[in-house]
Student: 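Questions regarding the structure given below will be posed in turn.
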Number of protein chains: 2
Amino acid sequence: MDISPNAIPDVVVRRLPIYARSLSYLAEEGVRSVSSQELGERIGVTAAQIRKDLSYFGEFGKQGIGYNVEYLLGHIRRILGLHEVWPVVLVGVGPLGQAIARYEGFRTRGIDIIGVFDNDSSKIGLQLGRNTVQPDSDLPKILQEHNIRLAIVAVPAVRAQEVVDVLVQNGVQGILNYAPIVVQTPDNVWVRHIDPVALLHSMTYYLSREDEHHAMNEH
Amino acid sequence: MDISPNAIPDVVVRRLPIYARSLSYLAEEGVRSVSSQELGERIGVTAAQIRKDLSYFGEFGKQGIGYNVEYLLGHIRRILGLHEVWPVVLVGVGPLGQAIARYEGFRTRGIDIIGVFDNDSSKIGLQLGRNTVQPDSDLPKILQEHNIRLAIVAVPAVRAQEVVDVLVQNGVQGILNYAPIVVQTPDNVWVRHIDPVALLHSMTYYLSREDEHHAMNEH
DNA sequence: TGGTGTGAAACACTTCACAGCA
DNA sequence: TGCTGTGAAGTGTTTCACACCA
């Protein structure tokens with residue numbers, strides 16, 4: 001999915017949920033007010049970055065004081081569309097899919113998994129959290145009936161593209177893809193990707209460099 | 001962890017594992033040679049980007065031909081330090097941790113989970129893949145004995161910081177954090193973060209905008 | 001006083017466009 | 001001919017630094 005000119009930069013959009021997450025912890029702790037400095041330290045981001053990011057959306061702070069936690073959190077939630085609950089489907093019920101289906105953190109943050117699907121008939125009927133596993137063949141019906149726009153894909157890499165095709169054909173516009181493959185979609189569909197191995201590999205890069213460094217310093 | 005000046009940009013380092021992944025699929029398919037154009041189409045990246053990225057590390061292609069798949073893959077693996085197998089520990093054996101422990105995709109890509117830990121005594125002794133769950137109290141010993149430099153954290157948010165502190169105190173320099181919280185570490189430690197909910201929220205942002213857009217266009 | 005909001009400057013990253021080569 | 005490797009140009013992102021305000 002591409003960004004139209006004059007739109008908010010995607011980097012900013014990706015940071016907003018982190019701000020929201022941190023603000024909700026602050027709210028739970030009973031903190032009323034927070035400065036960009038304090039929030040930045042929690043999140044590992046500069047104060048200027050936070051102020052600049054927020055300035056795309058309005059003026060939420062008070063000079064000399066900072067930001068009211070509840071007020072800013074409410075605004076960010078609304079900006080992200082989280083004043084509504086988003087129904088999503090999950091496809092793929094291997095160990096990872098089961099963990100996702102059982103995780104409470106989706107529902108508490110505005111994401112409601114309303115259906116879980118697998119093509120393995122031995123899994124159909126399995127109860128996972130509030131959901132019962134349904135066959136993939138029921139996907140189109142459910143997607144359309146509930147007007148689903150978001151989906152989580154946790155199938156093996158070889159199946160990911162076909163599953164994504166079905167999702168997109170039935171109106172899904174945002175996909176969280178756990179399969180270690182880049183899926184092809186029309187450019188009005190958003191895809192975010194989770195590949196823990198790739199993330200680890202990006203760290204092994206630096207750790208190997210460090211070795212060499214030390215070796216060099218020893219001479 | 002910060003980047004020293006003149007170093008390879010971190011964005012580039014993060015793309016290398018994606019290139020490696022795609023190249024290994026090509027190799028499995030028996031493809032011998034690939035152009036930056038073809039590889040880019042698979043990955044959703046421009047050809048120029050790939051050529052530029054690779055040029056940080058050397059010259060791996062042949063004019064008029066493209067890249068030899070095996071040769072380039074070998075080089076990228078070496079650049080990422082993947083000519084060695086990296087032993088890692090996993091802390092946290094809830095449903096997610098269990099899925100991680102059982103996932104075969106780590107070992108096949110150079111990441112070997114050599115220990116899994118939890119502080120819940122009812123889980124100690126549980127067999128997960130090739131590992132048996134050990135108590136957190138054994139962490140320091142194992143980290144030091146095996147010279148572990150990478151860890152995966154899959155504990156609840158409230159426990160993440162204390163776990164990370166123990167890891168760092170015992171020599172861990174790279175952490176893959178599944179807990180929905182930004183952990184504090186010394187700046188010689190790398191942290192990568194996985195928060196599926198935050199990724200979904202960054203998509204609900206765009207999907208909400210689209211609604212408004214349509215509403216606007218209807219007038 | 002202590003903090004925000006924001007243009008402008010600095011920096012980082014991507015894309016272009018083409019020389020050069022098999 | 002068809003593709004790489006790469007300076008230079010273009011674009012995007014972050015940081016600076018300060019006017020402004022409760």
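These numbers come from the heavy atoms of this one structure, side chains and all, not from hydrogens, waters or symmetry mates. Chain letters run A, B, ... following the sequence lines, proteins first, then strands; residues in each count from 1.
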Student: Nearest to the B/P9 side chain among D/dT13, C/dG7, C/dC13, which nucleotide is it?
Tutor: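 Nearest nucleotide to the side chain: C/dC13.
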Student: What's the CD1-C1' distance between B/I50 and C/dT14, to the nearest Å?
Tutor: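 After rounding, the reported distance stands at 13 Å.
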Student: From the list D/dT6, C/dG5, C/dA8, which nucleotide is the closest neighbour of the side chain of A/S55?
Tutor: C/dG5
Student: Less than 4.5 Å apart, side chain to side chain, heavy atoms only: is that true for A/R149 and A/W86?
Tutor: yes
Student: When you compare the side chain of A/V172 with that of A/V189, does any pair of heavy atoms fall below 4.5 Å?
Tutor: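 When only atoms from C-beta onward are counted, A/V172 and A/V189 do not touch, as no gap falls below 4.5 Å.
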Student: What integer distance in Å separates A/K52:NZ from D/dT15:C1'?
Tutor: 9 Å
Student: A/Q37 has an atom CD; how far is it from atom P of C/dG3, in whole Å?
Tutor: 8 Å
Student: Within 45° of the six-membered ring axis of A/Y205 and under 6.0 Å from that ring's centre, is NZ or CZ of A/R209 located there?
Tutor: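 Pair A/R209/A/Y205 counts as cation-pi.
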Student: Would you kindly give the CZ-to-C1' distance between A/R14 and D/dG12, to the nearest whole Å?
Tutor: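 For the pair A/R14 CZ and D/dG12 C1', the rounded distance is 15 Å.
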Student: Given D/dT15, is OP1 or OP2 found less than 4.0 Å from the side-chain N or O atoms of A/T46?
Tutor: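 For A/T46, the contact criterion (side-chain N or O under 4.0 Å from OP1 or OP2 of D/dT15) is met.
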Student: Would you indicate whether the side-chain heavy atoms of B/D136 and B/R159 approach each other to under 4.5 Å?
Tutor: yes
Student: Can you confirm if the NZ or CZ of A/R21 lies within 45° of the ring axis of A/Y19 and under 6.0 Å from the centre of its six-membered ring?
Tutor: no
Student: Return the value, rounded to whole Å, for the distance between atom CZ of A/F60 and atom P of C/dT6.
Tutor: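 Distance check: A/F60 CZ to C/dT6 P gives 11 Å.
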Student: Given D/dG7, is OP1 or OP2 found less than 4.0 Å from the side-chain N or O atoms of B/R51?
Tutor: no
Student: Below the 4.0 Å mark, does D/dT4 have OP1 or OP2 next to a side-chain nitrogen or oxygen of B/S36?
Tutor: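 Result: yes.
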Student: Within this structure, what is the CD-to-P distance between B/Q49 and D/dT11, rounded to whole angstrom?
Tutor: 16 Å
Student: Should B/V168 and B/I175 be marked as a side-chain contact (heavy atoms from CB on, under 4.5 Å) after you check the CA-CA gap, both sets of side-chain angles, and the distance that decides it?
Tutor: CA-CA 9 Å; B/V168 169; B/I175 293 170; 4.1 Å; yes
Student: Kindly state which residues belonging to residues 62-80 of chain A come within less than 4.0 angstrom of DNA chain C, counting heavy atoms of the residue only, listed by number.
Tutor: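 Listed by number, they are A/K62, A/Q63, A/G64, A/I65, A/G66, A/Y67.
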Student: Expressed in angstrom and rounded to an integer, what is the separation of A/F57 atom CZ from C/dT6 atom P?
Tutor: 13 Å
Student: I'd like to know if B/R192 pairs up with B/D10 as an ion pair, taking the criterion as any Lys NZ or Arg NE/NH1/NH2 lying under 4.0 Å from an Asp or Glu carboxylate oxygen.
Tutor: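 Salt bridge between B/R192 and B/D10, a charged N being under 4.0 Å from a carboxylate O: yes.
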Student: Output the rounded distance in Å from CG (B/L54) to C1' (C/dT15).
Tutor: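 After rounding, the reported distance stands at 16 Å.
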